[in-house]
Amino acid sequence: MSKAFASQADIEEKRITFADLGGGAYAYTAEGDPNSGVVVGDDGVMVLDTQATPVMAQDVMERIRGVTDQPIRYVVLTHYHAVRVLGASAYGAPQVIASQDTRDLIAERGAQDFKSEVERFPRLFRAVESIPGLTWPNLSFRGEMRGWLGRTEVRLLQLGRGHTKGDTVAWLPESEVLFSGDLVEFGAAPYTGDAYLEEWPATLAKLAALKPRALVPGRGDAVVGPDRCQLAIEQTREFVTELLASARSGHAVGRSLKDIYRDTTERLRPRFGTFAIFDHCMPFDVSRAYDEAGGIRDPRIWTAERDQEMWRSLES
Ligand SMILES: [Zn+2]
């Protein structure tokens with residue numbers, strides 16, 4: 001029997017944790033489903049990544065209301081992926097912030113990405129009809145932006161490409177907490193279908209140089225302790241480095257995408273096969289690695305049709 005497309009067979013709900021990391025930082029995590037971050041300051045709240053739908057975002061709101069009555073002033077999008085941004089309207093935040101590169105990607109491919117992601121992972125889009133449309137940032141920046149929630153400083157940093165062209169992390173210099181978005185995963189496979197694999201490790205080195213005390217990854221449990229933060233970053237680096245190396249060596253000797261997919265999956269499985277969404281990610285990940293190995297600089301747009309065509313050709 002062929003494998004069900006992407007994660008259409010993944011229907012089991014996950015257990016949610018809302019962890020207090022100190023300094024007003026909280027991690028909303030769900031056993032490998034997309035995380036949200038929360039920063040509570042003296043006079044307001046910032047939410048980092050919103051969940052996929054306004055109905056799903058209500059649960060994040062309830063957790064926030066369990067710890068503060070302060071207004072939600074800022075929503076930050078770490079990158080453009082639908083599963084992280086389309087719940088934004090639920091928070092009613094006056095400011096929705098993203099890097100200019102992320103805003104450009106929403107304009108260029110947000111609509112295709114919305115359709116593609118809903119079909120890949122229907123469980124993650126509960127009450128999809130509550131999404132009012134694409135989420136448009138009304139503040140954008142390049143490089144760095146600093147904000148203050150009263151006395152709590154938040155630095156939004158675009159340190160380089162990796163998971164996407166527009167990746168942004170949030171850094172709390174006082175409490176040394178890092179919100180990495182999908183640049184770092186912990187116990188979950190990195191999705192690299194829209195990635196810049198060659199550049200990703202250099203971006204990770206800049207994250208590591210911040211020396212976080214705690215880290216909220218894009219997926220997986222919150223990571224506490226400097227050594228464990230470095231481990232999470234290092235595991236992500238190993239995954240993306242091995243993936244690209246495998247695609248390059250196959251490409252160099254003229255192997256087909258399908259053969260490279262098989263080789264690479266077997267090469268990564270012993271180390272990463274138990275990570276959440278490994279089997280979901282690999283066809284997309286190897287497709288992008290193959291393109292990058294062949295000199296295609298910018299990731300090609302995934303459409304619902306391209307998703308199906310790729311899955312049929314690799315999984316049949
Ligand atoms: Zn993502």
Side-chain angles (χ1 to χ4, degrees), residues 6-7 10 27-30 32-37 47-53 56-57 75-88 97-99 101-106 108-121 123-125 131 134-135 137 156 158-170 178-197 199-200 203-204 207 215-220 232-233 235-236 239-240 243 275-278 280-289 292 298-303 307:
S7 290
D10 178 343
Y28 180 95
T29 66
D33 279 356
N35 294 338
S36 289
V47 175
L48 300 120
D49 289 341
T50 72
Q51 301 294 305
T53 70
M56 295 176 76
V75 162
V76 174
L77 315 178
T78 63
H79 61 288
Y80 75 98
H81 283 148
V83 76
R84 303 193 165 267
V85 307
L86 294 180
I97 308 173
S99 68
D101 286 319
T102 287
R103 201 177 194 286
D104 291 346
L105 286 165
I106 291 169
E108 180 197 46
R109 57 183 69 191
Q112 293 97 319
D113 178 66
F114 180 3
K115 194 155 182 283
S116 148
E117 288 199 49
V118 170
E119 293 192 15
R120 288 181 190 184
F121 224 140
R123 178 175 62 77
L124 292 182
F125 287 85
I131 297 171
L134 296 180
T135 297
L156 304 179
Q158 192 185 7
L159 296 172
R161 300 176 186 194
H163 177 68
T164 70
K165 181 172 76 173
D167 298 328
T168 294
V169 303
L178 180 65
F179 299 85
S180 69
D182 280 329
L183 275 172
V184 181
E185 311 293 15
F186 190 60
Y191 169 76
T192 78
D194 303 303
Y196 291 76
L197 287 159
E199 295 175 52
W200 197 329
T203 305
L204 289 175
L207 267 60
L215 184 155
V216 182
R219 291 174 179 265
I233 294 168
Q235 280 180 346
T236 306
F239 183 100
V240 299
L243 170 69
F275 283 20
I277 66 168
F278 177 82
H280 167 107
C281 286
M282 285 310 291
F284 300 102
D285 287 7
V286 176
S287 295
R288 171 57 191 153
E292 195 168 321
D298 293 309
R300 291 188 285 139
I301 295 174
W302 290 102
T303 62
D307 283 4

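Just so you know, ligand 1 is whichever comes first in the structure, and atom 1 is the first atom listed for that ligand. All residue numbers refer to positions in the sequence shown, counting from 1.
Side chain of Thr236 to main chain of Glu185: a donor-acceptor pair is present (N/O by atom type, distance under 3.5 Å, no hydrogens or angles).
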Tyr196 vs His163, ring-ring contact (aromatic ring centres under 6.0 Å, His included): CA-CA, chis, key distance, verdict: CA-CA 7 Å; Tyr196 291 76; His163 177 68; over 10 Å; no
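A cation-pi contact, defined as under 6.0 Å to the ring centre and within 45° of the axis, links Arg120 to Trp302.
Between Asp33 and Arg123, at least one side-chain N (NZ, or NE/NH1/NH2) sits under 4.0 Å from a carboxylate O, which counts as a salt bridge.
The Zn ion (ligand 1) is closest to atom NE2 of His163 (considering only N, O or S atoms).
If you put the vertex on the Zn ion (ligand 1), OD2 of Asp182 and ND1 of His81 sit 170° apart, to the nearest 10°.
Put simply, Asp194 stays out of reach of the Zn ion (ligand 1), with no N, O or S atom under 2.8 Å from it.
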